[in-house]
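One structure below.
By convention here, the first residue in the shown sequence is residue 1.
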Amino acid sequence: MLLPVPEEEVRPFDPPPVYAELRKGPQVVRVACPTGIDAWLVSDYAGVREVLGDGRRFSTRPGQAAHVLSGFGAGDGEPVEGSFAQTDGPEHIRIRRNFAPQVSHARRLAELRPMVERITDEAITRMLASPQPYLLHSQFSTAITTAVIAELIGVPPDRHHLLHDAATALFTTSTKPGELRTALEPLWRYLYELIATRRARPGDDVLSRMIELSADSDRPLTDAELTAMNGALLIAGFDTTASMITYGLVCLWNTPGQWERLCAEPGLAVTATEELVRYLAAGTGLLRQAVEDTQVHGQPIRAGDYVVVALQSGNRDPGLHADGDTFDVARKPGPHLGFGHGAHACVGQQIARLELTAVLRALARRVPALHPAVPLEQLEWKKDSVVRGPVELPVRWS
């Protein structure tokens, strides 16, 4: 069978119905992916957790989205130096331990919260001073995520276009390898220059802190590793979180009573954030490769076979939540796969939570009359991207 992919025009917020049938069994089936590779598809919560949580049996080396990137073959070539998304075991741990504390430690997040809330409030003020209808995704959501991530790394506003161009090329499935290199080179070149500057004159940004932390280790990070890691943070935090902000608002407005409840209780922004990530799981799926003969749910999988795990389907598994297909902004937070699982779970998930919560809380308090300017049926959905959500979202307020 072909890999079931989202059809937002038919089911804006739900996975294809075949996943509900697959979860009943067989939970592991052979599928053909858009790139032409064949893979095993795992669709239930326990199976997805098992694959993502066992780096000994399942490698992340082929990359997380190669099964939907039509221009890229899974596992082609060697991983780029510092590409922690494509490294396993001790090498992945070495890179991640210099990186993760800068974007996930509770004390660091407390330091960053005022910055995120300031950027959000400034974006809302700009929006309220703008003509209507207002293009929320391009002018609000991406503006916030770009400003937050760029400020974390220390990239000034006049260089934000490097981030935008690189992220657009990377997340567009029709981008050819040569076009991607052309789009990435200016950002990589700028980051090399920025690393040299920070080594000479450290600041209070993530890059400077990583250089300082790494310098005390047995094997300090190289310039190439720092470039790849910070480039990945800039690109990953740009469109993924922005799309979740936009997609999440569409979901809130089109699920009866949910936006109204959030506006009545803006404190629910914390649970609403967690529920949106669980319910929508903005990515199509993650890819792994078996490194030994093994099995999942009794299905034999040979060494070298590819495995696609369906995050949104796993999050809707009745074994996880009896009412998993129901969206509830007040749902008690619990386990889910929206940020992945295991050693390669999204390293920027706490920053993403911080941004999404700040946006939902601020909009609920300041602009409760915010609403879409076009019917749901008229939205154009991303088809040329590995990130889900509307291409654009015109909005109005009163």
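- Of the charged side-chain nitrogens involved, at least one lies within less than 4.0 Å of a carboxylate oxygen, so that Lys24 and Glu21 count as a salt-bridged pair.
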Starting from the C-alpha separation in whole Å, work towards a yes-or-no answer on side-chain contact (heavy atoms from CB on, under 4.5 Å) for Ser243 and Lys382. CA-CA 10 Å; Ser243 292; Lys382 294 180 181 180; 2.5 Å; yes
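- Linking ILVMFWY side-chain heavy atoms closer than 4.5 Å, directly or via other members, places Leu226 and Tyr190 in a single hydrophobic cluster.
- Smallest separation of non-hydrogen atoms from Leu41 and Pro4: CD2-CD, 3.8 Å.
- Using a cutoff of 4.0 Å between basic side-chain nitrogens and carboxylate oxygens, Arg118 and Glu151 are scored as salt-bridged.
- Residues Arg57 and Asp54 are paired through a salt bridge, judged by an N-O separation under 4.0 Å between the basic side chain and the carboxylate.
- Side-chain contact between Met1 and Arg30 is absent, with no heavy atoms from C-beta onward closer than 4.5 Å.
- Looking at Thr145, its side chain does come within 3.5 Å of a backbone N or O of Ser141 through a donor-acceptor pair.
- Scanning both residues, Val148 and Met115, for their nearest heavy atoms gives O-CE, 4.1 Å.
- Here Thr60 contributes atom OG1 and Arg288 contributes atom CZ; the two are 4.0 Å apart, rounded to the nearest 0.5 Å.
- Annotation: the span from Arg108 atom CZ to Leu354 atom CG amounts to 11.0 Å, rounded to 0.5 Å.
- Judged by distance alone, with hydrogens and angles left aside, the side-chain atoms of Glu225 form a donor-acceptor pair with the main-chain N or O of Thr222 at under 3.5 Å.
- Within the 4.5 Å cutoff, the side chain of Leu163 has no heavy atoms near those of the Val155 side chain.
- Counting only heavy atoms from C-beta outward, the side chains of Pro12 and Val250 never approach each other to under 4.5 Å.
- At a threshold of 4.5 Å between side-chain heavy atoms, the hydrophobic network of Ile, Leu, Val, Met, Phe, Trp and Tyr places Ile144 and Leu128 in one connected group.
- Of the N and O atoms on the side chains of Ser130 and Gln139, not one donor lies less than 3.5 Å from an acceptor on the other residue.
- The residues Arg302 and Glu292 are annotated as not salt-bridged, no charged nitrogen and carboxylate oxygen being separated by less than 4.0 angstrom.
- With rounding to the nearest 0.5 Å, the separation of CD in Glu275 from CG in Leu252 is 10.0 Å.
- When the shell of 6.0 Å around CD of Glu380 is examined, it contains 12 or fewer heavy atoms from other residues, nucleotides or ligands.
- Partners of Thr241 under the side chain to side chain donor-acceptor pair (under 3.5 Å) rule, at least two apart in sequence or in another chain, do not exist in this structure.
- Between the side chain of His105 and the backbone N or O of Arg107, at least one donor-acceptor pair lies under 3.5 Å.
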Show your reasoning for whether side-chain contact (heavy atoms from CB on, under 4.5 Å) applies to Trp40 and Asp305. CA-CA 8 Å; Trp40 294 103; Asp305 283 357; 3.0 Å; yes
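- Taken from CD1 in Ile195 to CG in Asp223, the straight-line distance is 5.0 Å, to the nearest 0.5 Å.
- Note: the hydrophobic cluster containing Val270 does not contain Val116 (ILVMFWY, side chain heavy atoms under 4.5 Å, direct or indirect links).
- Counting only distance, with no hydrogens or angles, the side chain of His160 and the backbone of Asp158 share no donor-acceptor pair below 3.5 Å.
- The distance between the ring centers of Tyr247 and Trp381 falls below 6.0 angstrom.
- For the pair Leu52 and His344, the minimum side-chain heavy-atom distance is 4.5 Å or more.
- Here the shortest heavy-atom pairing between Ala362 and Thr120 reads CB-CG2, 3.9 Å.
- In this structure, Asp44 has no salt bridge (charged side-chain N to carboxylate O under 4.0 Å, His left out) partners at least two apart in sequence or on a different chain.
- Of the charged side-chain nitrogens involved, none lies within less than 4.0 Å of a carboxylate oxygen, so that Glu355 and Arg113 do not count as a salt-bridged pair.
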For residues 260-269, run the donor-acceptor check on the side chains, cut-off 3.5 Å, and write out each pair with its distance to 0.1 Å, sequence neighbours left out.
none

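- A donor-acceptor pair under 3.5 Å is formed between the side chain of Ser208 and the backbone N or O of Gly203.
- His137 places no side-chain N or O within donor-acceptor distance of the main-chain N or O of Thr142, the cut-off being under 3.5 Å.
- With hydrogens and angles left out, the side-chain atoms of Glu274 and His336 include a donor and acceptor closer than 3.5 Å.
- Classification of the Trp259-Trp253 ring pair by plane angle, with boundaries at 30° and 60°, yields perpendicular.
- A donor-acceptor pair under 3.5 Å links the side-chain atoms of Arg331 to the main chain of Thr326, judged by distance alone.
- In this model, no donor atom of one side chain and acceptor atom of the other lie less than 3.5 Å apart for Gln312 and Arg278.
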Run the numbers on Val329 and Tyr279 for side-chain contact (heavy atoms from CB on, under 4.5 Å), then give the verdict. CA-CA 10 Å; Val329 295; Tyr279 190 73; over 6 Å; no
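- At least one side-chain heavy atom of Arg94 sits less than 4.5 Å from a side-chain heavy atom of Leu221.
- Residue Leu370 holds its CG atom at 5.0 Å from CE of Met127, rounded to the nearest 0.5 Å.
- Between the side chain of Gln289 and the backbone N or O of Gly304, at least one donor-acceptor pair lies under 3.5 Å.
- The environment of Glu122 atom CD is dense: over 12 non-hydrogen atoms of other residues, nucleotides or ligands sit within 6.0 angstrom.
- Between atom OG1 of residue Thr246 and atom CG of residue Leu136 there is a gap of 5.5 Å, rounded to the nearest 0.5 Å.
- Residue Asn315 comes nearest to Val277 through the heavy atom pair ND2-O, 4.0 Å, listed as atom of the first residue, atom of the second, then distance.
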Please lay out, stage by stage, how Arg198 and Glu193 fare under the test salt bridge (charged side-chain N to carboxylate O under 4.0 Å, His left out). CA-CA 9 Å; Arg198 292 292 184 265; Glu193 296 171 357; over 6 Å; no
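- Side chains of Gln27 and Arg23: no donor on one and acceptor on the other come within 3.5 Å.
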Given side-chain contact (heavy atoms from CB on, under 4.5 Å), test Val51 with Val296 step by step and report yes or no. CA-CA 8 Å; Val51 172; Val296 175; 4.1 Å; yes
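- Between Gly314 and Tyr45, the closest heavy-atom pair is O-CB, 3.4 Å.
- Side-chain contact between Cys251 and Phe327 is present, with heavy atoms from C-beta onward closer than 4.5 Å.
- Between Val291 and Phe58, the closest side-chain pair of non-hydrogen atoms is not below 4.5 Å.
- One side chain, Arg366 or Thr125, offers a donor N or O that lies under 3.5 Å from an acceptor on the other.
- Arg126 and Ala143 make their closest contact through NH2-CB, 4.3 Å (heavy atoms, listed as atom of the first residue, atom of the second, distance).
- Taking 4.5 Å as the limit, some side-chain heavy atom of Met244 sits within range of a side-chain heavy atom of Leu280.
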